[in-house]
Amino acid sequence: MESSQGRILANILDAAENAPPVDAVEAVTRELAADLGAVKVSFMIADLSGRALVRLAHVRADAAGEGRRSGDEVATVMPFDGGPAERALRSQAVQVFAQDGDWTVLAPVTDRGEVIGLLEMTLPDEPVPRVLREITRTAHALAFVVIANRRYTDLFEWGQRTTSFTLSAEIQRRLLPGSFTCEASAFTLSGWLEPAASIGGDTFDYSLGRDVLHFSVTDAMGHGVASALTATLGVGSLRNSRRSGAGLVEQAELANTALAENAVVVGGYVTAILGSLDLRTGVCSLVNAGHVPPLLVREGNPQELLLPGNFPLGMFAEGRYRASEITLRAGDRLVVVTDGTRERKAANLDLSARLRQMTDLHPREAVRSLADAVLEIAGPVLDDDATLLILDWHARHSEDRNTSSGADQARTSPALPW
């Protein structure tokens, strides 16, 4: 006999696959409302700023109502206000509350720690634990529906863009990984990019192998489209050599040659931190190509890592590069930033003090909190991109994660900065 959860999951998959990509989420939520006896079910996607949710709807073009429009599509922005929606998203915990005679459930839609949005469900009666378990598992399944269908349409990203993009911002976004957060048994990683008014060419990237984690943070010279194109050349070379099996130093040298020979701006270069972490041993190899030194937070104490100096990528065609190694201990946090967090007005940010204050925060929340701190001091419009990547080392590569609805329950933030 098929279980209730199995039947619901099967219905979700059928509804998602049978609908066009632009209708897949609405088809799934309609199916959920029928299966769980809900008064209303809807999906809210996280906006690209990380500071709001966006409700997407398909209505007649002549229908009245608020929200940003594109033909029949409407996107309504709901800024974070410290309420149940923000608590559910940041803590990755289901929120349940009574409202206007019904019960509202807000369940995180998450995959490997990457926040995609929230499933909002209105029920006529207070949900019992069994129903809540079905809702949270269904919200996790909805994450895969969104991930699968956003490959075919611009609808989801259009909804997430609460501010317009310049051409250089469009190019820059394509250089970033598809997911800003990755949770694994051995580590948790999260990156964030707070763009300047005139894009400064920052990027971050990572790729997970069976026993190794590759990561990078780069900063291309200049601003605007030229900087974005220089960044494209650098990131493209690093990805190409990494996917060809090149080691860390070889990746740096190949990117250096590619930039020197093909730079769209004469003398264009890229500063970078390149990393390779052995997930079996915790040994982390690092190359610093003219970049701001990374920081290691050990036992709550941030310290700069003194790495061998190398020229920026593309500065000298015949440049050679040196790597160094550090062995991470369980509980260590590695922090890589660009100079947009350390120079000009942002130099007034006491980064070490902030890092000490947020040792208990999940990397996903830590990078956003740091980005908010930069904006408070140097904003609201930044002179340079501010990019952050935080890597927490757990040293449990051989163990399974303890998850609920796509989030590692051992890594949720016990205290959040509201």
Side-chain angles (χ1 to χ4, degrees), residues 48 163-177 191-206 214-244 246 248-275 286-294 307-322 336-347 374 378 381-389:
L48 295 182
T163 58
S164 60
F165 272 41
T166 62
L167 174 58
S168 53
E170 187 71 52
I171 296 170
Q172 182 185 48
R173 176 150 179 84
R174 299 282 72 81
L175 300 178
L176 301 177
W192 193 256
L193 190 156
E194 199 64 48
S198 178
I199 294 301
D202 282 13
T203 70
F204 67 90
D205 197 19
Y206 69 90
H214 304 277
F215 60 92
S216 66
V217 173
T218 63
D219 183 0
M221 180 194 76
H223 290 270
V225 172
S227 180
L229 292 175
T230 300
T232 300
L233 192 56
V235 172
S237 175
L238 290 171
R239 285 175 173 168
N240 182 56
S241 59
R242 184 188 74 212
R243 291 164 180 167
S244 300
L248 205 60
V249 169
E250 187 180 2
Q251 291 176 36
E253 293 182 345
L254 288 170
N256 179 65
T257 300
L259 282 159
E261 293 181 350
N262 303 288
V264 294
V265 177
V266 176
Y269 61 82
V270 173
T271 71
I273 295 290
L274 310 181
L286 294 164
V287 170
N288 185 344
H291 199 80
V292 179
L307 306 177
N310 297 285
F311 288 114
L313 305 175
M315 182 169 281
F316 297 105
E318 302 302 321
R320 292 293 176 261
Y321 291 81
R322 295 177 295 162
V336 187
V337 302
T338 57
D339 59 11
T341 66
R342 308 297 295 271
E343 297 180 353
R344 301 182 179 90
K345 296 177 185 177
V374 171
V381 178
L382 298 181
D383 295 327
D384 197 7
D385 295 347
T387 300
L388 311 107
L389 185 143

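Predicted model, so just to flag it, every value in this text is computed and none were measured.
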Would you give the length of the straight line joining atom [atom1] of [X] to atom [atom2] of [Y], rounded to the nearest 0.5 angstrom?
| X | Y | atom1 | atom2 | result |
| --- | --- | --- | --- | --- |
| I199 | R173 | CD1 | CZ | 11.5 Å |
| R242 | E250 | CZ | CD | 14.0 Å |
| D205 | L389 | CG | CG | 9.5 Å |
| Q172 | T232 | CD | OG1 | 9.5 Å |
| L167 | I171 | CG | CD1 | 4.0 Å |
| Y206 | S216 | OH | OG | 12.0 Å |

Look at the side chain of [X] and the backbone N and O of [Y], then say whether any donor-acceptor pair between them is shorter than 3.5 Å.
| X | Y | answer |
| --- | --- | --- |
| S227 | G224 | no |
| N256 | R320 | no |
| S237 | L233 | no |
| Q251 | S241 | no |
| D385 | A196 | yes |

Residues which pass side chain to side chain contact (heavy atoms under 4.5 Å, CB included) with D339, listed by chain and number, not counting sequence neighbours: D219, V292, E343, D384
Locate the shortest heavy-atom distance separating [X] from [Y]; write the atom from each residue and the value.
| X | Y | result |
| --- | --- | --- |
| V287 | A252 | CG1-CB, 4.3 Å |
| L286 | F215 | CD2-CZ, 3.9 Å |
| K345 | A378 | CB-CB, 3.6 Å |
| L176 | F204 | CD2-N, 3.7 Å |
| A231 | A220 | N-CB, 3.8 Å |
| L193 | D202 | CD1-O, 3.2 Å |

Side-chain heavy-atom pair L238, T218 within 4.5 angstrom cut-off: yes
Heavy-atom check, side chain of V337 versus side chain of V217, under 4.5 Å: no
Atom CZ of F165: over 12 foreign heavy atoms under 6.0 Å: yes
Derivation of the side-chain hydrogen bond (donor to acceptor under 3.5 Å, both in side chains) call for T166 and S168: CA-CA 5 Å; T166 62; S168 53; 3.0 Å; yes
N/O donor to acceptor pairs below 3.5 angstrom from side-chain atoms of residues 258-274, sequence neighbours left out:
| residue | atom | partner | partner atom | Å |
| --- | --- | --- | --- | --- |
| N262 | ND2 | A258 | O | 2.9 |
| T271 | OG1 | H291 | ND1 | 2.9 |

